[in-house]
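Notes for the one structure printed next.
Note that this is a predicted model, so its numbers are computed, not measured.
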Amino acid sequence: MNDANGKRLFYGSCFALITTAFSFSIRAGILPELGETFDLSATQLGFINQMWFFGFPISMVLGGIFYNTLGPKRIMQFAFFAHTIGIIMTIYSGGYTGLLISTLLIGIGNGCTEAACNPMIADAYTGKTMNTLLNRFHMWFPGGIVVGALVSFFMTKMNLGWEAQIWIIMLPTVIYAYLFYGQVFPKPSEKAASLAENFKAMFFSKSYAPLFIFICICMSLTAITEFGPQQWTGIIMAKSGAEPMLILALVTGLMAVGRYWGGDFVHKFDQTGVLLGSAVFSTIGIFLFSTQTGPMAYVAAVFFALGVTFFWPNMIGFTAEKITRSGAIGMSIVGAVGMFSTSIWQPIIGGWIDSARVEAQAAGLEGDALELAAGQATLQNMITFPAILIVLFVILFFWVKGRKKAEAAA
């Protein structure tokens with residue numbers, strides 16, 4: 001694989017992740033309009049959101065299982081098919097059921113992207129370079145959300161329909177298909193080529209299994225901490241005195257910058273130290289979101305961004321670097337756990353919003369005051385996720401430190 005081919009594969013991977021990002025941010029932007037157009041409750045919108053996050057882990061796990069057999073090329077061909085059909089079906093959905101099916105297909109395409117591109121990068125690089133490129137690859141999720149959020153913001157202000165916004169998602173989809181076309185993809189690494197060995201390391205090895213299971217538990221909480229507040233930005237922050245899509249753009253813009261330089265940062269503080277610090281900043285950020293309004297909401301966004309920036313790439317990087325025998329399926333399962341957890345919580349968050357509205361109405365609130373109270377009450381519930389992570393990452397920090405000492409002594 002020559003340099004030009006390698007760069008084209010990496011850029012294609014980035015545009016595939018931008019497709020995922022557009023489907024996330026533009027859907028967040030049009031969520032209120034979908035609710036009005038099809039007369040959907042917040043709980044129903046939560047189930048639609050759930051399909052995006054539910055399709056993700058299905059294809060991630062299957063992609064991880066068959067990665068060694070199919071290779072990244074075939075998996076990305078299926079991703080293009082799922083993205084294209086899902087986008088077109090969304091536009092012509094006609095209502096609740098159609099939105100559920102089309103959103104599931106888009107989620108499946110997104111999961112294929114993660115299943116193919118993460119191990120492809122990990123197979124091609126090692127150590128600091130691998131961490132740097134994984135962070136730069138994952139930079140394009142928040143980077144794409146910035147662009148998608150701004151596109152949604154301006155298209156909404158121009159009274160362009162939600163259908164037109166969904167068509168925008170096709171742009172990066174076509175670009176990544178073009179970049180991948182005719183390229184030579186790397187073969188799966190021989191260091192973890194046996195699926196049986198991968199599963200043995202993940203679930204039966206005394207040295208790896210407890211750590212892998214612990215990381216999966218942590219991933220279930222890091223994912224909902226990152227995606228919960230962001231996916232519901234348009235509804236939760238609508239009456240906060242700040243522009244919801246600009247908050248989303250600010251958060252994800254800072255995430256993109258942080259992930260670009262993330263390799264050097266992680267190399268200095270190790271993944272465990274970075275993850276612990278991330279949990280602390282995330283807790284502060286969500287707390288500020290739940291209590292502040294107006295310009296202070298943008299300050300809250302900065303703290304939240306500092307918290308969630310390094311969660312996803314370093315959970316994947318930790319698995320690739322410190323649980324190496326888990327292979328491609330290990331990275332896929334960790335990512336799938338995160339998305340499955342986020343999927344499960346979507347209708348629950350929608351239910352929190354509906355319940356908070358009822359309570360606010362019972363307290364005599366109405367209009368903007370009612371929506372603000374419901375949004376802040378929902379965010380207060382979300383503080384629990386990163387607060388638990390602080391405890392878990394303190395444990396992980398000393399756990400990994402002890403393993404290093406034991407390995408050095410041996």
Side-chain angles (χ1 to χ4, degrees), residues 53-72 75 108 110-127 130-131 134 137-138 186-224 266 270-272 275 311-344 388-389 392-393 395-404 406-407 410:
F53 292 102
F54 186 61
F56 216 116
I58 291 174
S59 56
M60 279 193 75
V61 171
L62 290 176
I65 289 174
F66 295 109
Y67 179 83
N68 294 335
T69 303
L70 298 177
I75 295 174
I108 288 173
N110 296 338
C112 286
T113 295
E114 286 278 334
C117 297
N118 277 321
M120 183 171 69
I121 293 170
D123 283 341
Y125 304 95
T126 58
M130 180 198 69
N131 280 314
L134 276 175
F137 166 58
H138 284 282
K187 294 181 179 179
S189 172
E190 294 181 359
K191 68 184 179 183
S194 167
L195 194 60
E197 287 293 321
N198 297 156
F199 277 104
K200 182 179 178 181
M202 288 185 286
F203 301 112
F204 302 105
S205 166
K206 291 182 179 180
S207 3
Y208 286 126
L211 186 58
F212 181 79
I213 293 169
F214 186 85
I215 282 298
C216 286
I217 294 171
C218 293
M219 188 64 165
S220 70
L221 292 170
T222 60
I224 188 58
V266 174
D270 191 68
Q271 291 144 338
T272 53
L275 289 169
F311 271 155
W312 193 276
N314 286 292
M315 295 298 287
I316 299 296
F318 183 96
T319 306
E321 188 173 291
K322 295 183 171 63
I323 316 176
T324 53
R325 299 299 299 177
S326 64
I329 184 61
M331 287 181 278
S332 290
I333 287 178
V334 169
V337 166
M339 284 301 177
F340 183 72
S341 167
T342 308
S343 165
I344 294 300
I388 295 173
L389 281 170
L392 294 180
F393 284 141
I395 294 171
L396 182 65
F397 180 84
F398 288 105
W399 187 349
V400 172
K401 191 175 182 180
R403 282 169 62 98
K404 287 181 178 178
E407 289 171 1

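Considering every non-hydrogen atom in both Ser326 and Thr319, the closest pair reads OG-CG2, 3.7 Å. In terms of heavy-atom proximity, Ala115 sits nearest to Ser59 at CB-O, 4.0 Å. Shown here for Ala201 and Arg325, the closest heavy-atom pair between the two residues is CB-CB, 3.5 Å. When all heavy atoms of Ala209 and Phe204 are compared, the pair lying nearest together is CB-N, 3.7 Å. What you find for Met202 and Gly330 is that their closest heavy atoms are SD-CA, 3.6 Å. Of all the heavy atoms in Met331 and Pro119, the pair that sits closest is CE-CA, 3.7 Å.
Between Phe56 and Thr342, every side-chain heavy-atom pair lies at or beyond the 4.5 Å cut-off. Considering only heavy atoms from C-beta on, Phe199 comes within 4.5 Å of Ile333 through its side chain. In this structure the side chain of Leu275 never reaches within 4.5 angstrom of the side chain of Leu389, judged on heavy atoms. Put simply, the side chain of Phe318 does not reach to within 4.5 Å of the side chain of Val334, judged on heavy atoms. Using a 4.5 Å heavy-atom cutoff, the side chains of Thr272 and Asn314 are not in contact. Proximity of Leu62 to Ile58: side-chain heavy atoms (C-beta onward) are separated by under 4.5 Å at one or more points.
Atom-to-atom distance recorded for Met339:CE and Ile224:CD1 is 10.0 Å, nearest 0.5 angstrom. Atom CD1 of Ile316 and atom CD1 of Ile215 lie 10.0 Å apart (nearest 0.5 Å). From Gln271, atom CD reaches atom CZ of Phe393 across 11.0 Å, with rounding to the nearest 0.5 Å. Distance CD1/Ile323 to CG/Asn198: 12.0 Å, rounded to 0.5 Å.
Other residues, nucleotides and ligands contribute at most 12 non-hydrogen atoms within 6.0 Å of the CZ atom of Phe398. Counting non-hydrogen atoms of other residues, nucleotides and ligands closer than 6.0 Å to CZ of Phe340 gives a total of 12 or fewer. Atom NZ of Lys322 has more than 12 neighbouring heavy atoms from other residues, nucleotides or ligands inside a 6.0 Å radius. No more than 12 heavy atoms of other residues, nucleotides or ligands shown are found within 6.0 angstrom of CZ on Phe54.
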> Passes side-chain contact (heavy atoms from CB on, under 4.5 Å), Met120 versus Tyr67? Steps please.
Replying inline: CA-CA 9 Å; Met120 183 171 69; Tyr67 179 83; 3.8 Å; yes
> Ile388 and Leu392: side-chain contact (heavy atoms from CB on, under 4.5 Å), yes or no, with the steps?
Replying inline: CA-CA 6 Å; Ile388 295 173; Leu392 294 180; 4.0 Å; yes
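Ring planes of Phe214 and Trp399: perpendicular class, angle over 60° (limits at 30 and 60°).
A donor-acceptor contact shorter than 3.5 Å links the side chain of Ser332 to the backbone of Met60. Within the 3.5 Å criterion, the main-chain N or O of Ser207 finds a donor-acceptor partner in the side chain of Arg403. Formation of a donor-acceptor pair under 3.5 Å by the Ser341 side chain with backbone atoms of Val337 is not found in this model. Between the Thr222 side chain and the Met219 main chain, a donor and an acceptor come within less than 3.5 Å of each other.
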